Amino acid sequence: METLNDEGQWIVMMGFLVAIGMFVLAIIVSQAPLVGQTTAESVMEFPKNEIQDIRGKLVSMGSTLPGDPNPNILQNRFRGDIALLSMSRNNAITNYSIDGSYWVENGTYSDIFYNYHQIDIHYNNGVTEYSESLLLPQWDPKGV
Amino acid sequence: MKIKIIEDESGVSEAIGFILVFTIVILGISIVTLYGYPALADARISSDEKIMEQNMIVLQNDIKILTRSNVPYRDTTIGVSGGSIFVTNSSQANAEGGEHFNITYYVDDTFTNITTYYPGSMEFVSDEGTAVISVANGAVVKRQQDLGGSVMVSDPRWFYDETEGTLVIFMTSLNSTQPMALGGIGTIQMAMLTPPVIHDYSYSIQRPVIIEYFPDPDDDYSRAWETYFTGPYIVASGFTPVPPNAYRLDVDRLVIKEYTVDILGI
């Protein structure tokens with residue numbers, strides 16, 4: 001019945017602190033973020049090389065077609081091939097169109113060296129959609 | 001007048017103090033047992049379900065890599081806790097009238113065709129919780145046992161190109177040689193050895209494509225698919241719902257790619 005021994009109060013308090021801390025940690029752990037897609041996959045999904053391939057093909061085509069005696073047939077066949085190939089390989093829709101002035105002798109866009117033709121490229125694989133208009137010089141330079 | 005307070009400890013009992021402290025400790029333990037344990041168990045179940053959602057998205061991504069990136073084999077190691085994963089074969093789903101899709105489309109400008117796809121699924125069923133999470137037809141869908149409604153956790157990669165008026169549909173079916181289930185840590189071995197079948201139809205004017213979803217009665221994800229079709233996920237305005245379970249979109253060109261993924265073992 002003598003003096004109250006309060007030396008143990010620290011132990012009780014630390015016990016409470018540790019218990020509260022563990023509870024808070026458990027809550028934080030249960031809130032772990034939901035991430036299923038890795039960075040590598042996101043990078044993979046941007047089809048840089050596929051777009052470059054298609055662009056490359058169209059640019060080389062653009063400079064060869066004008067010499068062909070039957071450009072429309074060849075152009076349609078080429079368009080069909082590109083569309084099929086990109087769908088089966090890359091699951092992508094691609095199309096291109098050449099503006100109406102393409103086959104006119106004096107194109108819409110010209111300078112003293114070349115007639116230029118506008119090619120519109122469209123690419124879509126469900127994630128990335130890409131559209132581009134580019135000007136291609138005609139194969140035969142003017143006055144050469 | 002000055003009063004001197006004398007420290008009188010005659011009313012202080014160490015025994016009563018001990019009883020008080022002891023009571024506090026016992027009360028604390030009881031409160032933790034009564035409320036803390038169930039709260040922690042709930043947290044564990046929900047974190048298990050979240051981890052499985054994440055695992056299913058990883059699986060979905062691996063199936064995507066198999067089908068879309070022309071990779072023939074793919075292994076995924078996953079830890080399944082608080083439940084198990086079951087594989088439902090596409091032909092098994094066909095035999096048992098399971099989940100399937102009907103697609104009605106024009107083959108050319110005059111004839112229509114109906115194709116039925118049974119995708120099969122890989123399904124996680126929680127033991128202690130109520131979540132059911134499923135990878136089916138390229139999507140991750142989730143529902144609660146014994147409750148209506150479902151939600152799409154991760155979309156399939158269907159898309160519509162506004163410029164070309166082209167709808168691209170990927171139908172992925174799962175094949176396995178025998179019934180399989182996985183609990184604990186395991187590796188899911190998948191392969192896609194048959195090349196995809198591509199159907200590609202172009203129309204001179206816009207033609208309707210009608211997709212019907214028929215759920216497995218015990219495993220109903222119709223709400224998730226309805227939300228996906230009618231929402232802005234494939235095309236901004238969504239498909240037009242044709243009650244009860246069909247969805248319609250008019251397109252200039254339709255591409256359907258059929259993939260078959262073999263589950264070699266889990």
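Note that these values count all heavy atoms, side chains included, but never hydrogens, waters or copies made by symmetry. Please read all numbers here as calculations on a predicted model, not as lab measurements.
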task = Could you tell me which residues in residues 194-203 of chain B have at least one non-hydrogen atom under 4.5 Å from a non-hydrogen atom of chain A, sorted by residue number?
result = B:I198, B:D200
inquiry  = If I take atom CD1 from residue B:I63 and atom OG1 from residue B:T76, how far apart are they, to the nearest 0.5 angstrom?
reply    = 8.0 Å
key: From CG (A:N125) to CD1 (A:I93), nearest 0.5 Å   = 9.5 Å
request  = Output all residues satisfying salt bridge (Lys or Arg N to Asp or Glu O under 4.0 Å) with B:K142, sequence neighbours left out; order by chain, then residue number.
outcome  = B:E53
task = Identify whether the distance between the nearest side-chain nitrogen and carboxylate oxygen of B:R44 and B:D48 falls below 4.0 Å.
result = yes
inquiry  = Regarding B:E258 and B:Y117, do their side chains bring together a donor and an acceptor under 3.5 Å, going by distance alone?
reply    = yes
inquiry  = Any donor-acceptor pair under 3.5 Å linking the side-chain atoms of B:E162 with those of B:Y160?
reply    = no
